[in-house]
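Let me begin by presenting the structure, written as structure tokens, before commenting on it.
Read the numbers this way: they start at 1 and go in the same order the structure lists the ligands and their atoms. Numbers for residues simply follow the sequence, beginning at 1.
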Amino acid sequence: MNRIRLDANRMMADMLGDKGISRQELAGMAEKAASAYAQVEANRGKGMQGWMDLPYNQGDVVERIEAAARRIAGEFDAFVVLGIGGSALGPLAVQQALNHLRYNELPAGKRPGPRLYVEDNIDPERMASLLDVIDLKKTCFNVITKSGGTAETMSQYLIILDALKKAVGEDYKRHIIVTTSEKKGFLIKIAQREGYETFYIPDGVGGRFSELCPVGLLAAAVTGIDVRGLLAGAKDMDERCGSADLFENVALFEAVLMYIAMQKGANISVMMPYADSLKLMSDWYAQLWAESLGKNVTLSGKPVNVGQTPVKTLGVTDQHSQLQLYTEGPFDKVVTFLKVENFRAETPIPHGCSDIPTIAFLGGKSHNQLIEAERRGTEYALLRAGRMSQTITLPAVNAETVGQLLYFFELVTAYTGAMLEIDAFNQPGVEESKIAAYAVMGYDSEIHTAKREEMRACPEGKPEYVF
Ligand code: PA5
């Protein structure tokens, strides 16, 4: 298997001087890292660490997914995911990484499956625009929500249910597939009552750790992605990270670097893929990193405010928008480049403009050379400015390397959470806003009514601050 590689040299004092991480600082973390590793391993497959089992325990599930995917691809022109957060970001990232960059715009004969739409917002214009571009009679909807009650997803379900009934009558059940918890929430009850085909999200797999379960695998299989390759890549990364020695475990090493970087005040993690195919990997990473590590209390109940703010960027595009800040602004960032060694296309630059030497110079080279040259240029500019950066190289973007990358970041997140001594698997700060939104909508239940009262007690804003 082609393995992804981490080059962290530009994080280290050896290259960066006093702004970097020293060998002594790494050595000082050996014990903490080993105990984080032990904690993560002790909880493997338990509590909310069911995601660590996913590369190993889904044989039957994968067969069902592949069978469903064949049926869907044969019957429908479009496959629409209704979901948000962890139920949407993984499917989006994997689709962008592994299929044609303009997949939906390809003619049907050139696509391995139906068009894919992932509807992860409730902008009122968005649903109307979706309905303008799909034919309900030829569309399959995958309603994904672990809790089975998320307002955004379930409101979309109600709209689609109504539209489907009008368009296809009693046949609507064939157009809906549910992915949810087997035992908890309302959606499983609805699915059982209606008889929808259903896939389960294992109890110990939280939204942002769910791409490698049916949440992500079904949409991937429907669009022709090799889901076995994704899981094989994840398994390979898991096996590669089987040591408590930070120099023997790439994810543990990375977690230690990020932990030390945070201690040094680098509270921003910039994810900068130099490949359009990996652009949405930054969105997926942003949720994983932000929701897992942004916490205000340790496991032992000590108040803290920890976390590192993820920033989503794209090379080279954002060299022309954010790089100025990264090289000259505050020393508060780690920049992680995602580099692709072998792109799936070669784009030569033809000769031309022979009278203008700086432009003529580009002729005979390729975009493949130029994008890597620009990445190296950015890497060098950051180094010269004393800024921490690191590079994760994918020999090629394929199911196995993407599976490795996903699992790598999941492990890094779990280890970092353990070092920060927080619960990396909950999201109480998100729950608060969900309750508040239902309260604003006027829902009457003890908790929502109380929240409405609490919100009413907020001081009124002053008119002089409103323009
Ligand atoms: O990571 C998480 O658990 C969350 O971000 C969820 O994915 C998100 O809130 C959606 O929840 P649900 O899948 O229950 O609809």
Side-chain angles (χ1 to χ4, degrees), residues 47-52 54 80-94 118-123 127 141-161 176-191 196 198-219 280-295 307-310 312 406-407 409-414 416-417 422-438 441 443 447:
M48 289 310 291
Q49 282 183 219
W51 55 272
M52 296 184 82
L54 296 176
V80 179
V81 169
L82 305 179
I84 196 163
S87 301
L89 292 163
L92 277 165
V94 167
V118 180
E119 298 304 302
D120 65 347
N121 204 358
I122 45 166
D123 178 322
M127 186 56 83
F141 294 87
N142 185 193
V143 189
I144 310 180
T145 158
K146 168 134 195 230
S147 62
T150 300
E152 295 88 341
T153 305
M154 293 313 290
S155 63
Q156 288 176 324
Y157 166 72
L158 291 173
I159 294 167
I160 290 302
L161 180 66
I176 295 176
I177 296 182
V178 158
T179 306
T180 192
S181 292
E182 187 176 0
K183 298 179 198 106
K184 292 185 205 145
F186 301 117
L187 186 55
I188 186 62
K189 296 191 177 71
I190 297 169
Y196 297 142
T198 301
F199 290 91
Y200 299 122
I201 306 175
D203 285 347
V205 178
R208 55 194 178 274
F209 289 84
S210 68
E211 172 52 24
L212 295 171
C213 82
V215 166
L217 297 185
L218 180 60
L280 300 184
M281 208 46 85
S282 300
D283 292 50
W284 174 83
Y285 166 80
Q287 185 210 16
L288 180 72
W289 200 241
E291 222 166 66
S292 301
L293 302 184
K295 298 289 152 67
Q308 197 186 36
T309 304
K312 314 179 271 190
L406 293 167
Y407 199 84
F409 282 128
E410 290 175 355
L411 271 183
V412 175
T413 303
T416 310
I422 47 120
D423 183 346
F425 305 106
N426 66 1
Q427 55 284 325
V430 180
E431 298 307 324
E432 169 78 15
S433 94
K434 287 185 186 174
I435 296 168
Y438 254 57
M441 290 286 279
Y443 188 65
I447 176 169

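Nearest protein heavy-atom neighbour of atom 7 (O) of ligand 1: G86 N, 2.8 Å. Of the protein's heavy atoms, T150 OG1, 3.6 Å lies nearest to atom 11 (O) of ligand 1. The protein non-hydrogen atom at the shortest distance from atom 9 (O) of ligand 1 is K434 NZ, 3.4 Å. Atom 13 (O) of ligand 1 has K146 N, 2.8 Å as its closest protein atom, hydrogens excluded (heavy atom only).
Atom 8 (C) of ligand 1 has its nearest heavy-atom neighbour, among V205, N426, I84, in I84. Comparing M48, R208, M154, E291 by heavy-atom distance to atom 4 (C) of ligand 1, the nearest is E291.
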**Message:** Show, in sequence, the C-alpha distance, side-chain angles and deciding distance for K295 and N426, and conclude whether the side chain to side chain contact (heavy atoms under 4.5 Å, CB included) test is met.
**Reply:** CA-CA 9 Å; K295 298 289 152 67; N426 66 1; 3.0 Å; yes
**Prompt:** Checking side chain to side chain contact (heavy atoms under 4.5 Å, CB included) for the pair W284/L406: CA distance, chi angles, key distance, verdict?
**Reply:** CA-CA 9 Å; W284 174 83; L406 293 167; 3.7 Å; yes
**Asked** Where do I144 and T153 land on the side chain to side chain contact (heavy atoms under 4.5 Å, CB included) test, with the steps shown first?
**Response** CA-CA 7 Å; I144 310 180; T153 305; 5.9 Å; no
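Close approach to S87 involves these atoms of ligand 1, each under 4.0 Å from a residue heavy atom: 13 (O). Close contacts between ligand 1 and G207 involve ligand atoms 1 (O), 2 (C), 3 (O), 7 (O) [criterion: under 4.0 Å to a heavy atom].
Nearest heavy-atom pair across A424 and T413 is CB-O, 4.3 Å.
Results of the side chain to side chain contact (heavy atoms under 4.5 Å, CB included) test with Y196 over I176, I177, I188 single out I176 as the only residue that passes.
A heavy-atom separation below 4.0 Å is not found between E152 and ligand 1.
Taken from CG in N121 to CD1 in I84, the straight-line distance is 6.0 Å, to the nearest 0.5 Å. The distance from the CG atom of L82 to the CG atom of L161 is 11.0 Å, given to the nearest 0.5 Å.
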